[in-house]
There are 2 protein chains.
Amino acid sequence: MKTANISVLAYALLGLIHQKPSSGYDLRKTFTETALGSFSDSPGAIYPALGRLEKRGLIASTVEDSAGLRRRRIYQLTDAGDQALKQWLSQPVTRNEIVRGLDELMLRFAFMDRALGPDAAIVFLRDMGSELDGYVPELKQYLRDLGPSMPLSAMLALDSGVRNYQTLQHWAVYAIQAFEKSAANKNNSPIKPARSGGHS
Amino acid sequence: MKTANISVLAYALLGLIHQKPSSGYDLRKTFTETALGSFSDSPGAIYPALGRLEKRGLIASTVEDSAGLRRRRIYQLTDAGDQALKQWLSQPVTRNEIVRGLDELMLRFAFMDRALGPDAAIVFLRDMGSELDGYVPELKQYLRDLGPSMPLSAMLALDSGVRNYQTLQHWAVYAIQAFEKSAANKNNSPIKPARSGGHS
DNA sequence: CATTTCATGTAATCGGTTACATGATTAG
DNA sequence: CTAATCATGTAACCGATTACATGAAATG
């Protein structure tokens, strides 16, 4: 079972297709129009990536000729694709990922509750939080030690990084609360069914 | 005058070499050891990049055989390289750069005061600040409008982005103050020379 | 004398960028 | 009928990743 090289762009495509089967054009538009992590909206990136994913059996396409428009090739996840996406999302939060590749981390998080459910998202947030609890003090120490010997703008650039991580730390706490509140609201949901008991 | 394609990595190399003539090995170590914007420390990235920069005449190398160690190839900027670096650093702060490529923006800033002086850094910060003053409210509006219709974790991911930009906004203000304070300290420097008058 | 550290390189591969090509459909 | 939008692709180029190769000097 080779869990071979799948690029971040490819995972982003898998995640979006998981949320809703889409054409290449739809996906491009998503990248241009939404604030989604700054991916290239260029056809030269997306269509080949979709082709590769299909060749690997992670997505499957059907040509839609129903509407009057030009034929659209709609992709959806295969079982293997769903599995690959979930495996990617299930990876633990590592220090290394926090240091480089925060973007990828947030991308994973953005897809998380839909694909794995809110519990997984909370685990992710807790892991990230405790990783940050270790990392932020180290960064601050580093800044205190080496800052004075650096050019002022270099020191400030580093300071900006530290502030970002601190912000992220606070955000993680907030996000956990948001998930807990959302879970609480679901229990006595005012709109949903009168269908007697859920479970337990 | 072709201002051709120079990669971010290549600019990082130019910036570091500007601060201090260095060997490929030195530069690698800088990337691994410092918190510098998460560049690859792999020889397969750096040595070819240095080779290309030399071929383009932006850096020049001399082999140092003085010490007992293996020969080290030390690079330093040429006039053209210095010019290219300064041109890169002088680019105005655009909205587009803020949306994608914040890393590159901070990298530029980190090299700025050494290469262009504190005044340029302050201009940069002011530009970035006013760009953010326009962007952050837009992002907040976007979040308010579309947030409720998104999956919770997607909304939170977006919220994290907004918080980062806000943090950056505050940082820019702080950084300007830091530069002003530094300039003030230079006037009546308490440690520096007793060598009668500096200038003026 | 073996291992680690210093130090520079090369080759295969692969994905992203840029730019171009094409063609159908809808709106003015 | 022309322009804009929808929609999918291809080809050239280039740089980054990974892994391998080499070799000298310091360290134990």
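- The interatomic distance linking B:Arg73 (CZ) with D:dA24 (C1') rounds to 16 Å, in whole Å.
- Separating the CZ atom of B:Phe31 from the P atom of C:dA7 is a distance of 17 Å, rounded to the nearest angstrom.
- C:dC6 atom P lies 10 Å from atom CZ of B:Arg28, rounded to whole Å.
- Distance OH (B:Tyr25) to P (D:dA26): 14 Å, rounded to an integer number of Å.
- When rounded to the nearest whole Å, the span between CD1 of B:Ile74 and P of C:dT8 equals 7 Å.
- Regarding A:Ile6, its CD1 atom lies at a distance of 17 Å from the C1' atom of D:dT17, rounded to whole Å.
- Taking 4.0 angstrom as the limit, B:Arg72 places a side-chain polar atom (N or O) nearer than this to OP1 or OP2 of C:dA7.
- Relative orientation of the B:Phe111 and B:Trp88 rings is tilted, given thresholds of 30° and 60° on the angle between their planes.
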One pair to check against side-chain contact (heavy atoms from CB on, under 4.5 Å): B:Met128 and B:Gln169. What are the steps and the verdict?
CA-CA 8 Å; B:Met128 195 173 96; B:Gln169 220 179 350; over 6 Å; no
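- By the 4.0 Å N-to-carboxylate-O rule, A:Asp41 lies too far from A:Lys29 to be salt-bridged with it.
- Donor-acceptor pairing under 3.5 Å is recorded for the side chains of B:Asp145 and B:Gln141.
- With rounding to whole Å, A:Arg71 atom CZ is found 10 Å from C:dA24 atom P.
- Note on A:Asn5: a side-chain N or O is less than 4.0 Å away from OP1 or OP2 of C:dG15.
- Between the P atom of C:dT5 and the CD atom of B:Glu33 lies a distance of 13 Å, rounded to the nearest Å.
- Note that the CD1 atom of B:Ile6 and the CZ atom of B:Arg56 stand 6.0 Å from one another [nearest 0.5 Å].
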Strictly under 3.5 Å: I want the nitrogen or oxygen pairs between protein and nucleotides 16-18 of chain C, one per line.
| from | atom 1 | to | atom 2 | distance (Å) |
| --- | --- | --- | --- | --- |
| C:dG16 | OP1 | A:Ser7 | OG | 3.1 |
| C:dG16 | OP2 | A:Arg52 | NH2 | 3.1 |
| C:dT17 | OP2 | A:Ser40 | OG | 3.0 |

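- Checked against the 6.0 Å centroid threshold, A:Tyr165 and A:Trp171 do not count as a close aromatic pair.
- Under the 3.5 Å distance criterion, the side-chain polar atoms of B:Ser153 are matched with a main-chain donor or acceptor of A:Phe109.
- Checking the phosphate oxygens (OP1, OP2) of C:dG9, no side-chain nitrogen or oxygen of B:Tyr47 falls inside 4.0 Å.
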